[in-house]
Every structure is written in C-alpha cells, then in structure tokens.
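Taking it in order: structure first as structure tokens, then the write-up.
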Amino acid sequence: MGVQVHPLTLLWSVIVSLATYLCACWLVVMAHRRSLVCWSIGLFGIAAVYLRAPSRALVAAHALLPALLVAGVGYICLYLTHPMPLVGLDQQPTARLTLVGLLFLAIATVEVGRMFGDLRFPLWGEARVLVCVQRFRALGGLIHFTPAGRAFLRERFGATPREFVRAVG
C-alpha cells in the first residue's frame with residue numbers, strides 16, 4: 001500500500017508550517033529588542049541586526065524554538081487533521097516520533113547554518129549595520145528599523161532610515 005496525497009490539505013499544511021516558522025523567528029528576534037537596530041523579512045525568512053552579540057540563550061532559542069514549533073505543527077498536520085495530507089503513513093509511535101524528529105532536525109540544522117553564516121561577519125556596531133542592511137536590500141527584504149535603531153542612525157550617521165537605506169543600497 002502506497003502513500004496517497006491530498007494536495008489541498010498538504011498545501012495548507014505547508015502554509016501553516018511556514019507561517020509558524022516565520023512567527024516563531026519573529027518572536028525570538030523581538031525578545032532581544034534592547035539592542036535590536038532593525039529586522040528584515042525577505043525570501044530567506046526573518047533576519048535581525050543587533051548592536052551587540054546576542055546572548056547564548058537567545059542564539060539557542062533562535063535555533064530551537066522555530067524547530068520545536070514547526071515539528072509540533074507538522075505532527076498535528078500529518079497525524080491529527082482530517083483528511084490527512086498524506087494517507088498511508090506508518091501510525092506506530094516510533095515512526096511518528098522519527099518523522100517529527102526529522103522535521104525538528106531539518107529546521108534546527110537550517111537555523112544553525114544561518115548562525116554559522118552570521119559568525120562569518122563577527123562585526124558589531126556600525127560596520128554590522130552597514131553590511132547587513134546592504135545584504136537585506138540586495139536580497140529584496142523589507143527592512144523595519146526599531147525606535148532604538150532610528151535613534152542610532154540619527155546619532156551615528158545623521159540620517160533617517162529611508163536616507164540610510166537609499167545611501168547604503
């Protein structure tokens with residue numbers, strides 16, 4: 001017996017999982033607002049620019065919280081919704097745990113990869129803001145500056161967010 005696919009339910013499950021992932025990333029980014037200059041949402045998810053290196057707890061939360069929530073949503077979508085998006089999946093507890101574990105591992109691996117990518121640029125302060133805003137703009141991301149970020153731009157660069165983004169991009 002093969003696996004049968006319900007395309008609309010599967011599409012809905014993917015959309016809900018993606019929305020959960022983005023919301024979890026946004027919540028983690030907003031948790032460390034004191035040194036947050038700006039954040040961007042784009043094709044590759046949500047990215048943030050901090051003035052100082054975030055704490056290890058925040059880095060761990062950024063890797064684990066989205067993965068945990070997406071794995072939970074994946075379990076609900078694959079095993080508890082009706083009609084199931086994929087009919088014919090093994091219903092044994094070990095098979096369920098393995099599939100949810102693989103979902104968790106996939107998302108956590110992506111997030112850890114993003115963190116290692118951030119370690120390539122261990123700059124903080126003005127240099128990091130310049131590099132990251134330029135990268136966000138090049139990737140077509142929508143950039144939102146926090147009140148602290150606007151004050152930082154006024155103080156350090158003498159510019160508004162719009163002027164700064166235009167000058168950097």
Side-chain angles (χ1 to χ4, degrees), residues 10-78 99-169:
L10 183 61
L11 178 65
W12 177 250
S13 299
V14 169
I15 290 170
V16 168
S17 296
L18 183 61
T20 301
Y21 171 76
L22 290 175
C23 288
C25 288
W26 184 78
L27 286 172
V28 171
V29 164
M30 291 298 134
H32 193 65
R33 251 182 106 85
R34 284 177 281 131
S35 68
L36 181 65
V37 175
C38 65
W39 56 277
S40 171
I41 185 165
L43 212 53
F44 300 105
I46 294 176
V49 179
Y50 298 100
L51 286 177
R52 297 177 297 281
S55 66
R56 288 186 177 152
L58 183 66
V59 171
H62 206 288
L64 298 177
L65 184 67
L68 186 63
L69 290 178
V70 169
V73 167
Y75 178 81
I76 291 168
C77 289
L78 290 174
L99 187 58
V100 170
L102 288 174
L103 280 172
F104 175 84
L105 191 60
I107 301 298
T109 301
V110 167
E111 287 301 316
V112 167
R114 284 178 61 172
M115 283 188 281
F116 281 129
D118 284 346
L119 291 177
R120 291 184 327 193
F121 301 108
L123 304 171
W124 298 105
E126 295 93 349
R128 182 150 182 102
V129 172
L130 285 166
V131 168
C132 289
V133 168
Q134 188 176 25
R135 188 177 336 134
F136 297 160
R137 175 110 172 166
L139 293 174
L142 300 173
I143 303 169
H144 176 74
F145 285 87
T146 63
R150 282 185 236 125
F152 174 78
L153 291 180
R154 247 187 330 272
E155 177 187 315
R156 300 292 175 124
F157 298 103
T160 64
R162 179 177 284 162
E163 293 168 345
F164 181 75
V165 169
R166 210 177 291 141
V168 170

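In what follows, every heavy atom counts, from backbone to side chain, and hydrogens, waters and symmetry copies are set aside.
To the nearest 0.5 Å, atom CG of residue Leu69 and atom CZ of residue Phe104 are 10.0 Å apart. Atom CG in Leu142 sits 6.5 Å away from atom OG in Ser40 (nearest 0.5 Å). Considering NE2 of His144 and OG1 of Thr146, their distance stands at 7.0 Å, rounded to 0.5 Å. Atoms CE and CG, from Met30 and Leu36 in turn, are 5.0 Å apart once rounded to the nearest 0.5 Å. Distance check, rounded to the nearest 0.5 Å: OG1 of Thr20 to CG of Leu68 gives 11.5 Å. For the atom pair CD1 of Ile143 and CD1 of Ile41, the computed distance is 12.5 Å after rounding to the nearest 0.5 Å.
Residues Ala71 and Leu103 approach most closely at CA-CB, 4.3 Å, considering heavy atoms. Minimum interatomic distance between Leu22 and Gly45 (heavy atoms only, all atoms of both residues): CD2-CA, 3.9 Å. The two atoms that bring Ile46 and Trp39 nearest to each other are CG2-CE3, 4.3 Å, heavy atoms only. Closest heavy-atom contact between Ala24 and Leu65: O-CD2, 4.3 Å. Considering all non-hydrogen atoms of both residues, Cys132 and Val49 come closest at CB-CG2, 3.3 Å. Nearest heavy atom pair, residue Pro66 against residue Ala61, reads CD-O, 3.5 Å.
Ring-plane geometry between Phe145 and Phe164 is classed as perpendicular, the angle between the planes exceeding 60 degrees on a 0 to 90 degree scale with a lower cut at 30.
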The test is side chain to side chain contact (heavy atoms under 4.5 Å, CB included); show your working for Glu126 and Phe152 and say whether it passes.
CA-CA 9 Å; Glu126 295 93 349; Phe152 174 78; 3.9 Å; yes
Could you give me the CA-CA distance, side-chain angles and deciding distance for Leu58 and Val28, then say whether side chain to side chain contact (heavy atoms under 4.5 Å, CB included) is met?
CA-CA 7 Å; Leu58 183 66; Val28 171; 3.7 Å; yes
Take Phe136 and Val168 through the test side chain to side chain contact (heavy atoms under 4.5 Å, CB included) and record every step on the way to the result.
CA-CA 11 Å; Phe136 297 160; Val168 170; over 6 Å; no
Evaluate Val29 against His62 for side chain to side chain contact (heavy atoms under 4.5 Å, CB included), listing each step before the verdict.
CA-CA 8 Å; Val29 164; His62 206 288; 4.0 Å; yes
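Counting heavy atoms from C-beta outward, Leu78 and Ser13 have side chains that stay 4.5 Å or more apart.
Legend: residues meeting side-chain contact (heavy atoms from CB on, under 4.5 Å) with Val59, ordered by chain and number and at least two apart, are Pro54, Met115.
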